[in-house]
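It should be emphasised that the depicted structure is a prediction, and the values quoted were computed from it without experimental measurement. In listed order, ligands and their atoms are each counted from 1. Numbers here simply count residues along the sequence, with the first being 1.
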Amino acid sequence: MKNRINELLVEVNKMVANNAEELEALRIKYLSKKGLVSELFNDFRNVANEEKREVGQLLNDLKNSTQNRINDLKETFSNQKPEASKSDLTRSADPVKLGTRHPLSLTKNEIVDIFSRIGFTIAEGPEIEDDWHVFGALNFPPEHPARDMQDTFFIEQNPDVVLRTHTSSVQSRIMANTKPPIRMIFPGRVYRNEAISYRAHCFFHQVEGLYIDKNVSFADLKQALMYFAKEMFGEDTEIRLRPSYFPFTEPSAEMDISCHICGGKGCPFCKHTGWVEILGCGMVDPNVLENCGIDSKVYSGYAFGMGVERITNLKYQVKDLRMFSENDLRFLGQFEAAY
Ligand code: PHE
């Protein structure tokens, strides 16, 4: 009996199985009711009494070893399942890191959204423009410094083809081919030949607004801009219009908002004035209307243009506008919002 047990123990330790069927065959061979190990258990009653204790122990060890060996074998090939069964379709998906919108897009979308709520629609124009749409139609005299090399990028030394320096060029395009009433905003990128620093870049973004109809007054302009400032920066925001000059508007103004960082009390951000400038605006100059084929005796209108970078800086307190074009994900990843 003892010999037989030892023989089986050696056999069991050498068992190999390559798949579940082979393993099941081994289980049946040794452990089933009629299996080799079970047979030995049946013979146990014939063992002499004085040996029962020792043999019983050996038999139990054999049974356990056989079971353990079978378990071990099972594990080896359950770890190497065929490819297809590896994918558990009920498992939750790997987390995918979603991108975030660029802060300038967030601001632009919010501006568009605010104006679309009071009936403004959107249009766009080309970034590579001709002199007429950027300057001529907008009443810039031929010697105006904005046409100078220092400000404007010219394409291939051709003084007639320029990168637009402001989105007001879209005003001249739209007025020339649209019958009033016109109530539109024009978001877009503009270019100026400036040295790059924390506060200036050779390209930046603007949103232009244009409203042309009968009897449009400066009061309408002020009301629209006040609505915008409060929607964008909060109900407590105040606006201030300072007289200014643009060739294409008369009268012209620049608009400040009360500094929303210090609430108007004065801080380094607003240079202790309590106000920050955010846009230029005015009543469309009658010359511009006529240049674009609109009868200035029948129609009047207002226009405004704001810098998207400026507003983003204020809203999110970004101090260096070079951050917007460096594609640093640590910076960009912080902007998660609904727009
Ligand atoms: N185009 C002007 C600028 O770039 C802004 C502006 C737009 C002013 C419309 C008045 C009316 O500074």
Side-chain angles (χ1 to χ4, degrees), residues 104 108 111-112 115 120 122-127 129 131-141 144-148 150-153 162-176 182-194 199-212 216-218 220-226 228-229 239-257 276-289 291-292 294 296 299-313 321:
L104 295 178
K108 183 207 68 185
I111 298 170
V112 167
F115 281 103
F120 283 76
I122 306 176
E124 285 180 354
E127 292 179 15
E129 262 292 8
D131 181 276
W132 172 251
H133 288 100
V134 182
F135 300 122
L138 295 171
N139 220 18
F140 279 81
H144 194 282
R147 294 175 184 236
D148 199 294
Q150 281 154 22
D151 268 309
T152 309
F153 284 115
V162 302
L163 292 180
R164 66 180 177 194
T165 56
H166 54 181
T167 43
S168 305
S169 58
V170 192
Q171 280 190 44
S172 24
R173 283 191 176 269
I174 294 291
M175 281 190 276
I182 300 170
R183 196 186 309 188
M184 285 184 170
I185 48 173
F186 320 123
R189 180 176 283 184
V190 301
Y191 301 83
R192 283 183 203 176
N193 193 357
E194 303 225 19
R199 50 193 296 245
H201 213 296
C202 57
F203 65 81
F204 53 98
H205 300 79
Q206 292 186 327
V207 177
E208 189 88 6
L210 178 68
Y211 179 34
I212 312 274
V216 179
S217 73
F218 202 93
D220 297 321
L221 170 63
K222 185 181 164 192
Q223 203 57 39
L225 293 179
M226 189 145 81
F228 165 73
I239 64 166
R240 174 171 88 169
L241 288 160
R242 277 180 294 107
S244 185
Y245 173 77
F246 299 102
F248 39 96
T249 47
E250 182 59 36
S252 305
E254 276 166 324
M255 186 176 94
D256 302 336
I257 57 163
V276 273
E277 184 199 320
I278 64 161
L279 55 81
C281 60
M283 301 307 290
V284 180
D285 193 301
N287 283 345
V288 174
L289 294 174
N291 282 342
C292 299
I294 292 176
S296 62
Y299 292 103
S300 57
Y302 65 68
F304 56 84
M306 60 186 86
V308 179
E309 276 78 355
R310 194 72 210 268
I311 292 176
T312 312
N313 285 350
L321 58 79

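By the 3.5 Å distance cut-off applied to N or O atoms, Gln206 is counted among the residues near ligand 1. When only interatomic distances are considered, the shortest N/O to N/O separation between Thr165 and ligand 1 does not fall below 3.5 Å.
A 6.0 Å sphere centred on CZ of Arg189 holds more than 12 heavy atoms belonging to other residues, nucleotides or ligands.
Remark: among candidates Gly209, Gly305, Cys281, Ser244, the nearest residue to atom 5 (C) of ligand 1 is Gly305, based on non-hydrogen atoms. With Tyr302, Phe248, Tyr245 as candidates, the residue nearest to atom 2 (C) of ligand 1 on a non-hydrogen basis is Phe248. Nearest to atom 4 (O) of ligand 1 by heavy atom, out of Glu208, Met255, Arg192, is Arg192.
Using a non-hydrogen distance threshold of 4.0 Å, Met306 does not register as a contact of ligand 1.
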Test side chain to side chain contact (heavy atoms under 4.5 Å, CB included) applied to Val276 and Asp256, step by step
CA-CA 5 Å; Val276 273; Asp256 302 336; over 6 Å; no
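Taking the six-membered ring for Trp and thresholds of 30 and 60 degrees, His201 and Phe203 have ring planes inclined between 30 and 60 degrees apart.
Results of the ring pair (Phe, Tyr, Trp, His ring centres under 6.0 Å) test with Phe115 over Phe304, Phe186, Tyr211 single out Phe304 as the only residue that passes.
Between the side chains of His166 and Gln206, no donor-acceptor pair of N or O atoms lies under 3.5 Å.
Atom numbering of ligand 1 starts at 1 in the shown order; those under 4.0 Å from a heavy atom of Ser168 are 1 (N), 7 (C).
Of the possible polar contacts, none joining the Asn193 side chain to the Thr152 backbone as a donor-acceptor pair under 3.5 Å is found.
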